[in-house]
*Asks:* 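I am attaching a structure below and will ask some questions about it afterwards.
If you're wondering where the values come from, they're calculated on a predicted model, not measured in any experiment. Below, chains carry the letters A, B, ... as their sequence lines are ordered, and counting in each starts from 1.
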Number of protein chains: 2
Amino acid sequence: MSDLLERLRGRGWRMTSQRRVVAEVLSGDHVHLTADEVHARAVERLPEISRATVYNTLGEMVSLGEIVELSTEGRAKRYDPNAHHPHQHLVCSGCGTIRDVHPTGDPLADLPAEQRFGFTVSDAEVTYRGLCPSCS
Amino acid sequence: MSDLLERLRGRGWRMTSQRRVVAEVLSGDHVHLTADEVHARAVERLPEISRATVYNTLGEMVSLGEIVELSTEGRAKRYDPNAHHPHQHLVCSGCGTIRDVHPTGDPLADLPAEQRFGFTVSDAEVTYRGLCPSCS
DNA sequence: TCTTGACTTGGACTTCGTCAATCGTAGGAT
DNA sequence: ATCCTACGATTGACGAAGTCCAAGTCAAGA
């Protein structure tokens with residue numbers, strides 16, 4: 001929230017009411033909203049905000065590395081504001097709920113050189129799947 | 001290919017020319033086609049096959065566990081016939097090429113109980129990202 | 001061969017996301 | 001405090017990926 005706004009302002013961002021609202025909606029832990037959900041919540045505070053602006057703002061925040069974009073099984077991409085603490089995701093196969101998790105170990109270390117096919121591997125993303133307490 | 005067709009027939013599937021063609025298109029290693037690519041290749045062999053049938057057939061094969069659906073960063077889901085040998089994926093951030101890889105270790109073991117939030121975790125999917133030789 | 005229910009078709013429809021022309025405004029300059 | 005202007009917001013059309021449905025077709029068992 002405000003620290004995110006501070007960081008954005010510090011990067012020379014023009015601060016508009018729309019951007020403020022989007023940043024406010026995307027705050028807290030275990031927040032993984034789709035663009036349309038962000039738009040719906042933003043509209044509650046700023047009725048005239050447009051879908052395109054939400055998409056633009058989310059895209060800009062992603063390029064700045066301030067939020068993380070995840071494409072889960074479902075259709076719409078989700079946005080995770082918890083970008084400065086690397087983490088993985090645990091997804092419920094029933095209802096789609098997502099939790100941030102911090103596994104031990106480094107998956108990158110598990111990929112031997114002869115399995116890299118000459119790639120420069122920079123990142124490993126782990127998605128755990130299962131049923132949450134209410135779906136099981 | 002034919003072993004896939006045999007398995008499907010063994011499960012009581014009605015064998016139609018459309019399903020045969022889709023199964024044939026999806027054969028081999030390191031095959032990761034989108035639904036539209038599958039359709040395009042199927043049309044070469046069976047010009048009247050419809051998009052809806054390709055989607056239906058792919059969806060059925062996925063529920064039967066005969067192929068794996070992967071939703072990469074880009075938009076269209078891709079289908080991987082290599083479903084009976086568990087593996088992970090290495091994706092080029094430049095051109096989108098996908099390779100099947102077999103990391104050592106078990107990512108499920110890296111998720112401690114207190115990080116499971118009461119979920120019944122059944123599966124872990126790892127996506128490695130990097131640049132392939134021609135993109136780096 | 002006949003029958004029947006499962007499969008296929010084609011097209012309309014939905015959802016997610018992008019684009020471009022136009023309008024509005026944040027914030028520096030005066 | 002007001003003015004300017006470039007950057008951001010809006011609107012609505014567009015596009016891609018995927019789903020749905022009513023009607024027609026056909027694989028395979030009797």
*Asks:* Taking the side chain from A:Tyr128 and the backbone from B:Pro107, do they hold a donor-acceptor pair closer than 3.5 Å?
*Replies:* yes
*Asks:* Going 5' to 3' along nucleotides 17-30 of chain D, which nucleotides have protein heavy atoms under 4.0 Å from the base (write B), which only from the sugar-phosphate (write S), and which from neither (write -)?
*Replies:* SBBB-----BBS--
*Asks:* For residues 95-106 of chain B, which residue pairs qualify under salt bridge (Lys or Arg N to Asp or Glu O under 4.0 Å), counting only residues two or more places apart or in two chains?
*Replies:* none
*Asks:* So, does A:Thr53 get its side chain near the phosphate of D:dT10, meaning an N or O under 4.0 Å from OP1 or OP2?
*Replies:* yes
*Asks:* Please write out which residues are connected to B:Tyr55 in a hydrophobic cluster, directly or through intermediates, given that two of Ile, Leu, Val, Met, Phe, Trp, Tyr count as joined at side-chain heavy-atom separations below 4.5 angstrom.
*Replies:* none
*Asks:* So A:Arg14 and A:Arg19, do their side chains get closer than 4.5 Å, heavy atoms only?
*Replies:* yes
*Asks:* What's the CG-P distance between A:Leu58 and C:dT18, to the nearest Å?
*Replies:*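 Going from A:Leu58 (CG) to C:dT18 (P), I get 10 Å.
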*Asks:* Quantified as the angle between the terminal helix axes (five pairs each), what is the overall bend of the helix from C:dT1-D:dA30 to C:dT30-D:dA1 to 10 degrees?
*Replies:*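 It comes to 30° between the two terminal axes.
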*Asks:* Measure CD1/A:Ile49 against C1'/C:dC23 and give the value in whole Å, please.
*Replies:* 16 Å
*Asks:* Please report, rounded to the nearest Å, how far the C1' atom of C:dT25 is from the CG atom of A:Leu46.
*Replies:*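 Atom-to-atom, A:Leu46 to C:dT25, this comes out as 13 Å.
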*Asks:* Provide, to the nearest angstrom, the distance between the CD atom belonging to B:Glu60 and the C1' atom belonging to C:dA6.
*Replies:* 10 Å
*Asks:* Other than A:Leu131, what residues sit in its cluster of Ile, Leu, Val, Met, Phe, Trp and Tyr side chains whose heavy atoms are under 4.5 Å apart, directly or through others?
*Replies:* none
*Asks:* How close or far is atom P of C:dA26 from atom CG of A:Leu5, stated in whole angstroms?
*Replies:*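 It works out to 15 Å between those atoms.
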*Asks:* Starting at CD of A:Glu37 and ending at P of C:dT15, how long is that distance when rounded to a whole Å?
*Replies:*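 Nearest whole value for this atom pair: 14 Å.
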*Asks:* Does A:Gln18 have a side-chain nitrogen or oxygen under 4.0 Å from the phosphate oxygens OP1 or OP2 of C:dT25?
*Replies:* no
*Asks:* What is the distance from NE2 of B:His39 to C1' of D:dA16, rounded to the nearest Å?
*Replies:*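 From B:His39 NE2 to D:dA16 C1': 15 Å.
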*Asks:* With a 4.0 Å cut-off, would you call B:Arg11 and B:Glu66 a salt bridge?
*Replies:* yes
*Asks:* Counting distance only, does the side-chain N/O of B:Arg116 pair as donor-acceptor with the main-chain N or O of B:Leu111 below 3.5 Å?
*Replies:* yes
*Asks:* What orientation do A:His30 and A:His32 show, parallel under 30°, tilted 30 to 60°, or perpendicular over 60°?
*Replies:*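 Judged by the thresholds at 30° and 60°, the geometry between A:His30 and A:His32 is tilted.
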*Asks:* Taking distance alone, no hydrogens or angles, what donor-acceptor pairs closer than 3.5 Å link side-chain atoms of residues 39-46 of chain A to residues at least two apart or in another chain?
*Replies:*
residue: A:His39; atom: NE2; partner: A:Ile49; partner atom: O; Å: 3.0
residue: A:Arg45; atom: NH1; partner: A:Glu24; partner atom: OE1; Å: 2.7

